[in-house]
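Everything on this sheet refers to the single structure shown next.
In this text the structure is predicted, and so the values were computed from the model without any measurement.
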Amino acid sequence: MEKEARRRLIAEVQAERERLLPLREEATDTTIAMLRQSAPAEPPDLVPYLNLAYILGVKHARGDDGLLAFALSLSNWATAAIKEVAKYTGRTVEEVIDQYETELMEMRMAQAEAPGEDGSTGGP
């Protein structure tokens, strides 16, 4: 990225952060409420549906800025959680992320190779 483009991007990020800062407390409270609802949910396949319903509720109730502040809060929480997992397991952040990424790749490969309802495989 060119120096001028990088400067414009940094300025935009700083301006957006300042603009969204007043929404931070509400976004954090919303994040905690969503996690209280979805983290203990069973079966685990239910979690994406609960999260999406919650996200859509935030979008409808608080608009795009509220949704953006909520997304920022969630990403900050995810970053902190990954750092905590790394700290308590004696691994680097990169190793924790690599583990999740590897598990996802293995799951996708298994799904691609699994026979479908018609007996065909998902592979080539």
Side-chain angles (χ1 to χ4, degrees):
M1 180 181 287
E2 293 180 26
K3 186 176 182 179
E4 181 59 27
R6 188 173 337 139
R7 187 194 64 72
R8 283 193 308 268
L9 179 61
I10 291 169
E12 180 182 3
V13 168
Q14 288 174 333
E16 280 296 292
R17 182 185 179 283
E18 289 300 315
R19 193 175 69 76
L20 295 172
L21 204 53
L23 303 176
R24 180 174 57 185
E25 185 176 335
E26 182 180 9
T28 299
D29 293 345
T30 303
T31 299
I32 292 168
M34 188 198 77
L35 291 172
R36 284 190 192 283
Q37 172 188 298
S38 62
E42 290 294 334
D45 292 348
L46 180 61
V47 172
Y49 295 99
L50 292 173
N51 288 344
L52 182 55
Y54 213 94
I55 290 166
L56 289 172
V58 169
K59 180 180 178 185
H60 294 307
R62 297 182 178 94
D64 289 343
D65 284 353
L67 184 61
L68 191 56
F70 180 51
L72 181 58
S73 176
L74 283 170
S75 61
N76 291 340
W77 275 67
T79 300
I82 293 292
K83 287 181 178 182
E84 287 292 308
V85 169
K87 176 181 173 182
Y88 290 110
T89 61
R91 295 179 287 168
T92 66
V93 167
E94 190 65 31
E95 288 170 333
V96 172
I97 294 169
D98 286 347
Q99 176 191 342
Y100 287 120
E101 187 176 33
T102 300
E103 290 172 4
L104 285 170
M105 288 188 301
E106 289 171 352
M107 180 185 70
R108 289 176 185 144
M109 288 176 58
Q111 287 175 342
E113 294 170 357
E117 289 181 24
D118 62 358
S120 65
T121 61

Flag the pair L68 / D64 as yes when at least one side-chain heavy-atom distance between them is below 4.5 Å, and no otherwise. no
Given the rule that I, L, V, M, F, W and Y join up when any side-chain heavy atoms are under 4.5 Å apart, are L72 and W77 in one cluster? no
Would you confirm whether E95, through its side chain, and T92, through its main-chain N or O, come within 3.5 Å as a donor-acceptor pair? yes
Verify the neighbour count for atom CZ of R24: are there more than 12 heavy atoms of other residues, nucleotides or ligands below 6.0 Å? no
Name the atoms and distances for all side-chain donor-acceptor pairs under 3.5 Å in residues 31-47, with sequence neighbours left out.
| residue | atom | partner | partner atom | Å |
| --- | --- | --- | --- | --- |
| T31 | OG1 | A27 | O | 2.9 |
| T31 | OG1 | S73 | OG | 2.6 |
| S38 | OG | M34 | O | 3.0 |
| S38 | OG | N51 | OD1 | 2.9 |

Same cluster (ILVMFWY, side-chain, under 4.5 Å), L67 and L20: no
To the nearest 0.5 Å, what is the distance between CE (M109) and CD (Q111)? 12.0 Å
Residue E2 excluded, over 12 heavy atoms near CD under 6.0 Å: no
Calculate, to the nearest 0.5 Å, the distance between atoms CZ and OG1 belonging to F70 and T28 respectively. 10.5 Å
Atom CG of L23 and atom OG1 of T30: how far apart are they, to the nearest 0.5 Å? 10.0 Å
Quick check for you: to the nearest 0.5 Å, what is the distance between I97 atom CD1 and E94 atom CD? 5.5 Å
Neighbour count above 12 (heavy atom, 6.0 Å) for R17 CZ: no
Criterion side-chain contact (heavy atoms from CB on, under 4.5 Å) on K83 and V96, from CA distance to verdict: CA-CA 9 Å; K83 287 181 178 182; V96 172; over 6 Å; no
More than 12 heavy atoms from other groups under 6.0 Å of CD on E4: yes
On a heavy-atom basis, the closest approach of I82 and V93 is CG2-CG1, 3.7 Å
Between NZ on residue K59 and CG on residue D65, distance to nearest 0.5 Å: 13.0 Å
For the atom pair CD1 (I10) and CZ (R8), what is the distance rounded to the nearest 0.5 Å? 11.5 Å
